[in-house]
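Presented below is the structure to which this report refers.
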Amino acid sequence: MKEIRLYKSMRSGFKLIGLASLFVVPSIYFIAAHEPEMSTVSWVSICFFGWGYPIGLYKILDRRPHLIINELGVFDRSLGNKTINWEVINDAYIAQVHGIEFICLSINASFDLQLKKSKFKQMMASANKSLGFQEYNINLENLRVDAGALVTLILQMIHAEKPERTRLLTLDRQLSV
């Protein structure tokens, strides 16, 4: 089955490690310089910001596809292990908040996964809707992809029949930025 796979950029992992280093390295210096008044603050800083190293390293080494588009639907890793089928998507549009682009997917009421969500995720979904987003949004921040080309592909896939979807996936598209 033909599919388009989009991967996260490693840039966010390197950025997180760099920002963590801005706090961890001076804290190590203060501990090594035997500054007693900075010792507690330094250890707290190392323990808190030190988590940036394993999380950043995980982001760098995680090479699983974040977004998969195939003839069945859209799979977004941040939505869990769920594929949203083309038949249940009504519309897709681009939304932007502070320079971060999202593709909002308008889903049929019959395909309601809110019952399987935790209370926190249900609360976040209702907050998304009050801000003009949808319940299911694809975050494009760490993906190097042209949002306009991607939403155009999604809209074409929504309105196409199954044989046409296969043809749309085989077209040579320029999705990456």
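Numbers here are sequence positions counted from 1.
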May I ask you to decide whether Arg165 forms a salt bridge with Glu87, counting only side-chain N to carboxylate O separations under 4.0 Å?
yes
Does this structure show an ion pair linking Glu164 with Lys162, if we count only N-O contacts that are shorter than 4.0 Å?
no
Test log, rule side chain to side chain donor-acceptor pair (under 3.5 Å), inputs Asn142 and His66
CA-CA 9 Å; Asn142 295 322; His66 181 73; over 6 Å; no
Is any side-chain heavy atom of [X] less than 4.5 Å from a side-chain heavy atom of [Y]?
X     : Y     : value
Phe75 : Leu67 : no
Trp86 : Ile69 : yes
Lys59 : Phe14 : no

Under 3.5 Å, is there a donor on one side chain and an acceptor on the other for Ser27 and Ser42?
no
How would you list, by chain and number, every residue that makes a ring-ring contact (aromatic ring centres under 6.0 Å, His included) with Phe30, sequence neighbours excluded?
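Residues passing ring-ring contact (aromatic ring centres under 6.0 Å, His included) with Phe30: none at all.
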Contact summary for Tyr53 and Ala20, nearest pair of heavy atoms
OH-C, 4.1 Å
Run the side-chain contact (heavy atoms from CB on, under 4.5 Å) check on Asn137 and Ile103 step by step: do they pass?
CA-CA 6 Å; Asn137 305 300; Ile103 293 182; over 6 Å; no
Passing candidate, side chain to side chain contact (heavy atoms under 4.5 Å, CB included) with Tyr136, options Val74, Ile107, Val88:
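Among the candidates, only Ile107 passes.
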Should side-chain heavy atoms under 4.5 Å link Ile, Leu, Val, Met, Phe, Trp and Tyr, which residues sit in the same cluster as Val41?
none
Checking Asn90 now: which residues fulfil side chain to side chain donor-acceptor pair (under 3.5 Å) with it, not counting sequence neighbours?
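Residues passing side chain to side chain donor-acceptor pair (under 3.5 Å) with Asn90: Asn108.
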